Amino acid sequence: MAAEWLSEQPSNRNFLSPVGFKLDLEIFHGVDFFCQSASIPDISIPFAEVQTPYRNVPIAGSGGISFGDLSVRFLIDEELKNYNSIHSWIRKYGLSDNRLLPGESDLYSNARLMILTSHSNTNHIVDFVNMFPISLSGVPFDATVGDVEYLLADVTFKYEKYELLDEGFKKLT
């Protein structure tokens, strides 16, 4: 009998690094967001619980998929260029009297969160469709700090959907 355990072993024993990523927003070419943290948002489906005499049994429901928010933390550049681009984006459409639909204006942007290998090569891509910001944190100035800690801002995005892609932009199976 052949040893099948050898073929069942993982071919890649490298682990995913939490520091290997890069965010690219489609409508802000040339604006580096100095991303400090981002995460692949959660995904969930609705379910129901059927009562039985012994316990409630969960069953998968229908009704689509729910995606969590995309939260990004970035260093603010000295000229406030990256902070102001998100700030202006929110103000422009937050004060609009028009109801906009996906694809009708530059309210929406596609974005890519690139997951990098340990050699800083793109390994996977999280492709966000029709994304827009819903909140941007304030900027706290404080003259009493001892060491200079550069300022960070948090931005939260909503989006239509996201797909996990390989480095060749093909859906993961």
Side-chain angles (χ1 to χ4, degrees), residues 5-45 65-94 102 106-173:
W5 61 269
L6 185 59
S7 64
E8 295 173 359
Q9 297 298 309
S11 61
N12 185 347
R13 294 185 180 266
N14 295 323
F15 299 106
L16 190 60
S17 170
V19 297
F21 65 95
K22 181 172 64 170
L23 182 67
D24 179 35
L25 287 172
E26 189 175 83
I27 66 172
F28 292 117
H29 295 294
V31 177
D32 186 355
F33 276 85
F34 302 107
C35 261
Q36 298 298 294
S37 68
S39 60
I40 299 174
D42 59 313
I43 182 172
S44 62
I45 62 170
I65 296 173
S66 295
F67 295 104
D69 296 341
L70 172 62
S71 297
V72 174
R73 175 170 285 158
F74 62 94
L75 281 166
I76 302 170
D77 66 281
E78 192 173 54
E79 296 177 358
L80 292 173
K81 187 174 180 183
N82 55 6
Y83 185 86
N84 187 50
S85 63
I86 297 293
H87 186 270
S88 296
W89 192 4
I90 291 173
R91 288 187 56 87
K92 181 176 180 181
Y93 295 103
D106 58 351
L107 166 62
Y108 301 93
S109 175
N110 293 336
R112 291 190 173 128
L113 178 64
M114 286 160 266
I115 301 168
L116 308 177
T117 65
S118 57
H119 291 65
S120 297
N121 298 319
T122 300
N123 191 24
H124 293 89
I125 299 161
V126 184
D127 192 32
F128 295 92
V129 177
N130 291 332
M131 188 171 77
F132 60 97
I134 60 167
S135 71
L136 177 64
S137 67
V139 182
F141 292 96
D142 185 358
T144 64
V145 296
D147 292 332
V148 175
E149 293 181 20
Y150 295 103
L151 295 175
L152 298 165
D154 295 307
V155 60
T156 303
F157 295 97
K158 292 281 188 187
Y159 51 91
E160 184 180 323
K161 66 178 181 175
Y162 73 82
E163 301 282 347
L164 298 176
L165 309 174
D166 66 12
E167 70 278 2
F169 296 95
K170 294 180 184 171
K171 287 185 184 180
L172 295 181
T173 57

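Just so you know, residue 1 is the first one in the sequence shown, and it goes up from there. Bear in mind the structure is a predicted one, so any value in this text is a computation, not a measurement.
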Open item on the list: Less than 3.5 Å apart, any donor N or O on the side chain of Asp142 or Thr144 sitting next to an acceptor on the other?
Closed with: yes

Please find the pair of heavy atoms, one from [X] and one from [Y], that lie closest to each other, and give the distance.
{"X": "Leu136", "Y": "Ala153", "value": "CD1-CB, 4.4 Å"}
{"X": "Met131", "Y": "Ala111", "value": "CE-CB, 3.3 Å"}
{"X": "Ile65", "Y": "Ile45", "value": "CG1-CG2, 4.2 Å"}
{"X": "Leu25", "Y": "Phe157", "value": "CD1-CZ, 4.3 Å"}
{"X": "Gly138", "Y": "Tyr83", "value": "CA-OH, 3.9 Å"}

Look at the side chain of [X] and the backbone N and O of [Y], then say whether any donor-acceptor pair between them is shorter than 3.5 Å.
{"X": "Asp77", "Y": "Leu80", "result": "yes"}
{"X": "Asn110", "Y": "Asn130", "result": "yes"}
{"X": "Ser85", "Y": "Asn82", "result": "yes"}
{"X": "Trp89", "Y": "Leu107", "result": "yes"}
{"X": "Ser39", "Y": "Pro41", "result": "no"}
{"X": "Asp24", "Y": "Arg112", "result": "no"}

When rounded to the nearest 0.5 angstrom, what distance separates [atom1] in [X] from [atom2] in [Y]?
{"X": "Glu163", "Y": "Ile125", "atom1": "CD", "atom2": "CD1", "value": "12.5 Å"}
{"X": "Ser66", "Y": "Asp42", "atom1": "OG", "atom2": "CG", "value": "9.0 Å"}
{"X": "Asn121", "Y": "Leu116", "atom1": "CG", "atom2": "CG", "value": "8.0 Å"}
{"X": "Ser37", "Y": "Leu152", "atom1": "OG", "atom2": "CG", "value": "8.0 Å"}
{"X": "Arg91", "Y": "Ile86", "atom1": "CZ", "atom2": "CD1", "value": "14.5 Å"}
{"X": "Ile43", "Y": "Leu164", "atom1": "CD1", "atom2": "CG", "value": "8.0 Å"}

- [ ] Please examine the side chains of Cys35 and Phe21, heavy atoms only from C-beta on, and report whether any two atoms are closer than 4.5 Å.
- [x] yes

- [ ] For Ile115 and Thr122, run side chain to side chain contact (heavy atoms under 4.5 Å, CB included): C-alpha distance rounded to whole Å, both residues' side-chain angles, the deciding distance at 0.1 Å, then the answer.
- [x] CA-CA 6 Å; Ile115 301 168; Thr122 300; over 6 Å; no

TODO: Show the numbers, then the answer: is there a side chain to side chain contact (heavy atoms under 4.5 Å, CB included) between Leu165 and Lys170?
DONE: CA-CA 5 Å; Leu165 309 174; Lys170 294 180 184 171; over 6 Å; no

Open item on the list: Before we go on, tell me: are the rings of Tyr162 and Phe67 under 6.0 Å apart, centre to centre?
Closed with: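 Ring-ring flag for Tyr162/Phe67: true, centres closer than 6.0 Å.
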
Task: Between Phe34 and Phe74, ring centroids under 6.0 Å - done: no

Open item on the list: side chain to side chain contact (heavy atoms under 4.5 Å, CB included) for Val72 and Leu70? Distances and angles first, verdict last.
Closed with: CA-CA 7 Å; Val72 174; Leu70 172 62; 4.0 Å; yes

Open item on the list: Walk me through whether Leu172 and His124 qualify under side chain to side chain contact (heavy atoms under 4.5 Å, CB included).
Closed with: CA-CA 9 Å; Leu172 295 181; His124 293 89; 3.6 Å; yes

